[in-house]
Amino acid sequence: MKQHAPMAQPLRLLLICLLLKLAFANPSQADQPKPGPLNVILIMADDLGYGDLSCYGSDSIRTPVLDQLARQGVRLTNFYAGCTVCTPSRMALLTGSYPARVGWRGGVVGYGIKTFNGLAPEVTTLAERFQTAGYKTALIGKWHLGDSAELSPQQQGFETTFYLNKSNNQTKQLWQGNTLVADPFDNRLLTEQFADQAIRFITQHRQQPFFLYLPLTAPHFPAQSHPQWKGKSKRDAYGDVVEELDHRVGQLLETLERNALSERTIVVFLSDNGVEPGQKQWASAKPYRGLKWSALEGGNRVPCIIRWPGKIPPNQTSDLLSAAIDLFPTLARACDIELPANPNASTRIDGVDLLPALTKQDGKQTPRSWLLLWHGWGTLQAIRTGRWKLYVDEVKEIPQSNKGPVLIDLDNDPKEQTDVSKQHPEQVAAMLAEAQKQLADIQASEQTLGGRDLAKIRVPTPPKWLPSNH
């Protein structure tokens, strides 16, 4: 029998070392899931004010979970909702476009917009982009973009749905897909029910990439405490509802951790607009003034927290000028989802990609130069750039605005009380020109709302200090 030569001593030692390394490998490392596609959880609170989280300055509402989320990622302090009221804010978030570009002319579905009108099915949503890329998609919470079957979330890219079709003060019906599951629902229990459904969705699809849109009804009026949270806060039922919301977000984050999904899930938390006027006794936009419906800072500057472990550095606070419309291109890029190179009217995006700035690829980069701000009844009222905000319309809270454009230096005047337009005429002229340019572009390519009787849709009053293109 042929004899094999003895194994060389160096090779023998190498094999022994490899076997020992495998035998004593760190179990926590060995059990880590293989890298895969990113997941996205997009959480939107309803009417939550800028100053209603303790990490944004509240000293009377406790939000330890969201505070921790902010420490794990970035807390944006110069972030604007898509608009100052519910329906257009959601249109902006899901399309990446100014709401006027996708047909909004003012108001919300059920108040100023007929319930058979809403976001047109032809407009491409963020959910449809993720669905096309192979993601499981879910809408759990408040829809408010049209009540008819053709305008339902199932027609806009959401496979799994559990939702109210309007605000919790406008309807008593809770839907799961096309099935009515509660009439009336218990308003006190909605946040718990939405969280339970979200946890079920995450658990069911833990082995697949998913996009979960969770627009909660809390703390929209009527704020009614969950029985287990009643009397827990210093801000009556409103504070109870916000503190419960914080707890439910914690349950979602625990679900991610339990399923080893935290490291490959982007979590975004924001509000749809500022403080509801009827809740100003308990809610806060501090240090800003103005409420929901208003283009003042308190109407649509809102909290926004983004966590992406390993990519967005922790413990960051950023004053980057940013908005809800920017989340569409930012999340798409993070998940390697391509956007059309030559968009048509139904896929035009006004948002910009914030990813390089958020991930510190370029610490000096400021991807957004300009931002248009709208009144709740559809009128363009202001434009932002850098420290400056120019009102191009008459605003009742700023008396000087009935005589001409008002320029505010937000760095030195966060309450928007002093007009400095006379000191900076060149800045005023540049901002007026840019506002007119952007508005003209929107009006030249705007979509119409979905639904019927489109000829009866109202036309908003044009900005007082810009020429009308209608």
Side-chain angles (χ1 to χ4, degrees), residues 44-53 56-58 61 76-89 92 98-99 104 106-108 111-112 219-221 235 238 242 270-304 319 321-325 371-402 405-421 431 435 460-461 463-465:
M44 177 181 271
D46 199 342
D47 293 0
L48 182 76
Y50 181 89
D52 282 335
L53 304 180
Y56 277 86
S58 177
I61 298 178
L76 297 172
T77 59
N78 206 7
F79 181 90
Y80 289 83
C83 195
T84 61
V85 286
C86 303
T87 292
S89 182
Y98 289 120
W104 175 72
V108 301
Y111 184 62
H220 192 283
F221 76 95
R235 287 284 179 177
Y238 181 89
V242 175
L270 72 156
S271 179
D272 68 335
N273 49 251
V275 174
E276 155 64 37
Q279 294 180 312
K280 64 182 179 180
Q281 178 181 351
W282 308 284
S284 171
K286 189 177 180 179
Y288 306 107
R289 69 182 179 119
L291 301 166
K292 179 179 178 179
W293 293 91
S294 166
L296 269 71
E297 293 295 285
N300 61 353
R301 189 189 290 219
V302 296
C304 182
D319 64 355
L321 179 58
S322 49
I325 55 175
L371 182 67
L372 302 182
L373 303 172
W374 311 80
H375 186 276
W377 283 111
T379 301
L380 173 64
Q381 284 208 312
I383 182 170
R384 273 289 320 265
T385 184
R387 66 197 291 178
W388 306 108
K389 181 176 183 181
L390 182 74
Y391 282 92
V392 298
D393 188 43
E394 184 176 351
V395 182
K396 65 179 181 179
E397 297 94 340
I398 303 178
Q400 312 96 295
S401 64
N402 67 347
V406 166
L407 182 67
I408 301 293
D409 177 358
L410 287 172
D411 283 358
N412 295 309
D413 183 20
K415 291 190 178 297
E416 305 179 86
Q417 295 175 323
T418 304
D419 177 19
V420 294
S421 59
M431 295 179 75
T461 304
K464 189 166 185 177
W465 307 115

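When reading the values below, keep in mind they use all heavy atoms of this one structure, side chains included, and skip hydrogens, waters and symmetry mates.
- The two residues L380 and L373 make their nearest non-hydrogen contact at CD1-O, 3.4 Å.
- Rounding to the nearest 0.5 Å places NE2 of H220 at 7.5 Å from CD of Q279.
- The two residues W104 and V85 make their nearest non-hydrogen contact at CZ2-CG2, 4.5 Å.
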Report task. Take L372 and Y98 through the test side-chain contact (heavy atoms from CB on, under 4.5 Å) and record every step on the way to the result. Result -> CA-CA 8 Å; L372 302 182; Y98 289 120; 3.7 Å; yes

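- Partners of R384 under the salt bridge (charged side-chain N to carboxylate O under 4.0 Å, His left out) rule, at least two apart in sequence or in another chain, do not exist in this structure.
- Between the side chain of Y391 and the backbone N or O of I398, no donor-acceptor pair lies under 3.5 Å.
- Between M431 and V392, the closest side-chain pair of non-hydrogen atoms is not below 4.5 Å.
- Under a 3.5 Å cut-off, the side chain of R387 and the backbone N or O of N412 do not form any donor-acceptor pair.
- Atom-to-atom distance recorded for Q381:CD and E394:CD is 9.5 Å, nearest 0.5 angstrom.
- In this structure, I61 CD1 and S284 OG are separated by 8.0 Å, a value rounded to the nearest 0.5 Å.
- With R289 contributing its side chain and E397 its backbone, the two residues share a donor-acceptor pair below 3.5 Å.
- For D419, the salt bridge (charged side-chain N to carboxylate O under 4.0 Å, His left out) test picks out no residue, with sequence neighbours left out.
- For the atom pair CG of L270 and OG of S89, the computed distance is 7.0 Å after rounding to the nearest 0.5 Å.
- The backbone N or O of A285 sits nowhere less than 3.5 Å from a side-chain atom of R301 that would complete a donor-acceptor pair.
- With salt bridges taken as basic N to acidic carboxylate O contacts below 4.0 Å, none links K464 and D393.
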Report task. Could you please spell out the steps behind the side-chain contact (heavy atoms from CB on, under 4.5 Å) verdict for Y238 and L48? Result -> CA-CA 10 Å; Y238 181 89; L48 182 76; 4.1 Å; yes

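- In this structure, L76 CG and Y56 OH are separated by 6.0 Å, a value rounded to the nearest 0.5 Å.
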Report task. Run the numbers on W388 and D409 for side-chain contact (heavy atoms from CB on, under 4.5 Å), then give the verdict. Result -> CA-CA 5 Å; W388 306 108; D409 177 358; 3.7 Å; yes

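- At least one donor-acceptor pair under 3.5 Å links the side chain of S271 to the backbone N or O of N273.
- Using a 4.5 Å cut-off on side-chain heavy atoms (C-beta onward), V395 and S401 make contact.
- No donor-acceptor pair under 3.5 Å is formed between the side chain of T84 and the backbone N or O of K292.
- The two residues S294 and G290 come nearest to each other via the heavy atoms OG-CA, 4.4 Å.
- Side-chain contact between T385 and I383 is absent, with no heavy-atom pair separated by less than 4.5 Å.
- Panel note: side chain W374, backbone W377; no donor-acceptor pair is recorded below 3.5 Å.
- When all heavy atoms of D46 and D272 are compared, the closest pair comes out as OD1-OD2, 3.0 Å.
- Considering every non-hydrogen atom in both G82 and P99, the closest pair reads O-CD, 3.8 Å.
- Between C86 atom SG and E276 atom CD the span is 8.5 Å, to the nearest 0.5 Å.
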Query raised in the report: Would K389 and E416 satisfy salt bridge (Lys or Arg N to Asp or Glu O under 4.0 Å), going step by step from the backbone distance to the final call?
Result: CA-CA 9 Å; K389 181 176 183 181; E416 305 179 86; 3.0 Å; yes

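- Scanning all heavy atoms of the two residues, the minimum distance from Y80 to L410 falls at OH-CD1, 4.1 Å.
- Atom NZ of K280 has 12 or fewer neighbouring heavy atoms from other residues, nucleotides or ligands inside a 6.0 Å radius.
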Requested in this report: Verify side-chain contact (heavy atoms from CB on, under 4.5 Å) between D52 and S58, making sure each step is shown before the conclusion.
Outcome: CA-CA 5 Å; D52 282 335; S58 177; 5.6 Å; no

